[in-house]
Amino acid sequence: MNKTFLTTALSAALLFAGGQQADAASWRINSNANRHAHFTSINAAMSSADVVAGDTLYLDPGFTLTDNQNVTKRVTIIGGVLFRR
């Protein structure tokens, strides 16, 4: 009986934990601050506690990389990029 209870309790705990997954969020990035995107750079998004693994970063048309960008979280990045030096 003790083994059955333990197995049932463990199964219930795993089901509860699995149901607590949050949906992935989408974030807009545009290097032009006047475009009202969520972030102006990939670095700003990576620094935000709101951006978590599994989220998607959409680079708006015309997004320009002007410095080094470091991707430090497991995110999906979608969009074209212009490079300026």
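- Between H36 and N30 the shortest side-chain heavy-atom distance does not fall below 4.5 Å.
- You'll find the side chain of D60 stays beyond 4.5 Å of the side chain of N32, heavy atoms only.
- We find the OG-CD1 distance between S31 and I42 to be 10.0 Å, quoted to the nearest 0.5 Å.
- Annotation: the span from L57 atom CG to R28 atom CZ amounts to 12.5 Å, rounded to 0.5 Å.
- Annotation for V51 and M46: closest pair CG1-CE, 4.3 Å, computed over non-hydrogen atoms.
- How far CD of Q69 is from CZ of F63: 5.5 Å, rounded to the nearest 0.5 Å.
- No side-chain heavy atom of V52 sits under 4.5 Å from any side-chain heavy atom of K73.
- The structure places CZ of R35 at 16.0 Å from CD1 of I29, a figure rounded to the nearest 0.5 Å.
- In this structure the side chain of N43 reaches within 4.5 angstrom of the side chain of N70, judged on heavy atoms.
- Residues W27 and Y58 are not in side-chain contact: their nearest non-hydrogen atoms beyond the backbone lie 4.5 Å or more apart.
- Separating the CG atom in D55 from the CD1 atom in I77 is a distance of 11.5 Å, to the nearest 0.5 Å.
- Taking CG of N34 as the reference point, atom OG1 of T40 lies at 11.0 Å (rounded to 0.5 Å).
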